[in-house]
Protein chains: 2
Amino acid sequence: MSSAQQPAPPRPTSRDVARAAGVSQATVSLVLGDKWRGRVSAATAERVRGTARDLGYRPNLAARSLRLGRTRTALLVVPALTNEFFARVYTGAAAVAAEHDFGVVLYPSPDGTGPARDPFASARAALDGVIASSMAADALGALRGADLPLVMLDSDPEDHGAAARVNLDIADGMRQVAAHLLGLGHRRIVHLASAVDTWTFAVRARALREAVRDVPGAALLTVASPLDVRAGREVAETVLASSGPPPTAIVCDDDILAAGACKAVRRRGLRVPEDISVTGFDDLALATAVEPELTTVRLPAEQVGERGMRALLDVLAGRPAAHHDLAVGLVVRGSTAPPPAA
Amino acid sequence: MSSAQQPAPPRPTSRDVARAAGVSQATVSLVLGDKWRGRVSAATAERVRGTARDLGYRPNLAARSLRLGRTRTALLVVPALTNEFFARVYTGAAAVAAEHDFGVVLYPSPDGTGPARDPFASARAALDGVIASSMAADALGALRGADLPLVMLDSDPEDHGAAARVNLDIADGMRQVAAHLLGLGHRRIVHLASAVDTWTFAVRARALREAVRDVPGAALLTVASPLDVRAGREVAETVLASSGPPPTAIVCDDDILAAGACKAVRRRGLRVPEDISVTGFDDLALATAVEPELTTVRLPAEQVGERGMRALLDVLAGRPAAHHDLAVGLVVRGSTAPPPAA
DNA sequence: GCCTCGAGGTTTTACGTATAACGTCGGCAT
DNA sequence: ATGCCGACGTTATACGTAAAACCTCGAGGC
């Protein structure tokens, strides 16, 4: 009755292929593993390949992993996939992985900062290596302890212990933002920073602080906010509502906060960029969805994932893994302008 | 010299635990597999558990999979993770999976519609089941052929062949949009539809068409666009530039297109919502990031993932898998208003 | 006194693969 | 003729786990 009652056609094994091709299982393994040169005749090899194709043979990955002790699977640890930046990192990593018959499994941490508990406790842990984005120091400990090859993304270069590292020149990006705003004449600047305490955000803060310090008469106020639009807006509103002369520019740690900041500005009855300039960071799709479009720093997210995965593959293959530094670039759009003539 | 030269501490196996606890490997397996009732004394069981913990024993998943023929891994097929909706679906699915010691591996299709080739060709194929979102019919074929339990998300209920289905009441959502706009007095409506030809979008089109048809004097024009802000804006601009009386409302297939439509309206020197109302679909973060905030239909994306995974687990456990229908709700925000008094 | 039975284990096997170790059989130099 | 070698395979084994099948021993029934 129920058509779901399949007789369960058992997948063919290498032994089935061997039988069908009239050779031993070992020969099948050699041929399909491309290790047959000088051990099997070309004719036999071709015959084996043919029957394997005919039978629709697919190697059992569990068996292969058991035998080899390697799983061809990498763990990517990211704060949250709903953040487009990390979705793009994943996309890049997965693309490179696929080229090398590798899999990528994700560990998105619930709180958005790092794995709450041991990521391997979740026991999907059949891993060859780990790629981890910048995260809280304590969360890092668990990853280190697993003594798996570790590639860090966008994290402190001073922090050794990773087999490789792929970094974005975040400091340079923030310096470009600062130069842009200071060049336009802005002197009262607010830094709407991420409340998350990771290297990538610390670098933004430092670079901005130093750039502002170099300009006489320029002042910087830093406030922290969780990384969502509403929180960004609320924190920005608080700043704008406080006494004293309002800022003429709000530098945000990412585009999401910038979107919030723009809303805060308009709620005060002011305009972006005429009254207050706002800058973002990341260049997400959001940056060109809002109006005005955000002046922001473009981060090559996919490339981060690609390079990270390539570095991991290098490490796994015993090749020397280069540390990468990726350039970032300011994209000037409509959310910045000279400050209002005082 | 290189500290990377670890002596490779071999992970303890169940046999190591057995030796340390003074029992046989089988006993360890029974105890840790929680199948020891009446076969092993409580004292022994406790001792085994203790030594396993002490040694830091973790079962080798490859070996377990090989033995059991099951991998505790599901494939989630989604168009693109950079679309927040699917990132949220993943998040929900992964959360439920983790509760059951299951893993989720992703297959994001490059073109955004469906797997370009056989998703199993990429050979990560150690899968117990598949959860697939609405996609092009031809791409579906590959999934069916794999005779793995298949759970479909947001797809045609008439299309049998899935072991379970989790659907959103998309039609109802679109009816709510239509009722809202028609109730406000809109009569010239443009449907900015997705160019992707899948069930979920077909339903939107049909529901809107039928709702408009029921109102005398109401007219509907449908145009298709790729799912990104720029494309949405461009298509909307074309529509607005064409001759004839302009629409008073633009109904979009998702929030991304709606953001584009809003920009198109303003480029024509018109205002949202005073001159033209715009509605979205999905209720992404984007919907409250743009200004005005979008009137849209909230889709419980995480729930889709959760229910989908639960359904798959049910099927795998031989339990009857219920088909789910999730309600959606209109969220009225600032992008809709009565049409301008003609 | 013998049989049964259950509690509490142990021995053994199979899962499918990769590969080390081992034939076998001509041909060719010595 | 003998030894050796290369070409072409095969046989055997191990990876770590789950679980079926099998042992052993003491208590209890008759």
What is the minimum heavy-atom distance between [X] and [Y], and which atoms define it?
X        : Y        : result
A:Gly308 : A:Leu153 : CA-CD2, 4.1 Å
B:Val104 : B:Ala94  : CG2-CA, 4.0 Å
A:Asp128 : A:Leu316 : O-CD2, 3.4 Å
B:Met309 : B:Val96  : CG-CG1, 3.8 Å

Straight-line distance of A:Leu312 CG to A:Arg307 CZ, nearest 0.5 Å: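 Answer for the CG-CZ pair, A:Leu312 versus A:Arg307, is 15.5 Å.
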Point-to-point distance, once rounded to the nearest 0.5 Å, from CG of B:Leu55 to CG of B:Asp16: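 Rounded to the nearest 0.5 Å, the CG-CG separation comes to 7.0 Å.
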A:Thr51 side chain to A:Val48 backbone, donor-acceptor under 3.5 Å: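 Indeed, once roles are kept as given, a pair shorter than 3.5 Å links the two residues.
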Sidechain-backbone polar pair: B:Arg37 side chain, B:Asp34 backbone, donor-acceptor under 3.5 Å: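 Yes; judged by distance alone, with no hydrogens or angles, the pair exists.
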Atom pairs, protein N/O to nucleotides 12-17 of chain D N/O, distance under 3.5 Å:
unit_1	atom_1	unit_2	atom_2	d
D:dT17	OP1	B:Tyr57	OH	2.3
D:dT17	OP1	B:Asn60	N	3.2
D:dT17	OP2	B:Ser14	N	2.4
D:dT17	OP2	B:Ser14	OG	2.6

Contact interval (first through last nucleotide) of DNA chain C with protein chain A, 4.0 Å heavy-atom: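 The footprint of chain A covers C:dG16 to C:dA21.
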Nucleotide D:dA19, atom C1' - distance to CZ of B:Arg70 in whole Å: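 That distance rounds to 12 Å.
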Validation row: A:Arg11, A:Arg58 side chains within 4.5 angstrom (heavy atoms):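 Side chain of A:Arg11 against side chain of A:Arg58, heavy atoms only: contact under 4.5 Å found.
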Sugar-phosphate, base or nothing in reach of B:Val28, heavy atoms under 4.0 Å: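 If one applies the 4.0 Å heavy-atom cut-off, B:Val28 turns out to touch nothing in the nucleic acid.
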Sorted by number, the residues of residues 39-48 of chain B with heavy-atom contact under 4.0 Å to DNA chain D: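 Going residue by residue through residues 39-48 of chain B, the ones with a heavy atom under 4.0 Å of DNA chain D turn out to be B:Arg39.
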Working for side-chain hydrogen bond (donor to acceptor under 3.5 Å, both in side chains), residues A:Arg165 and A:Ser155: CA-CA 8 Å; A:Arg165 186 181 313 283; A:Ser155 66; 2.6 Å; yes
Residue-phosphate contact under 4.0 Å: B:Lys35 side-chain N/O, D:dA19 OP1/OP2: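 For B:Lys35, the contact criterion (side-chain N or O under 4.0 Å from OP1 or OP2 of D:dA19) is met.
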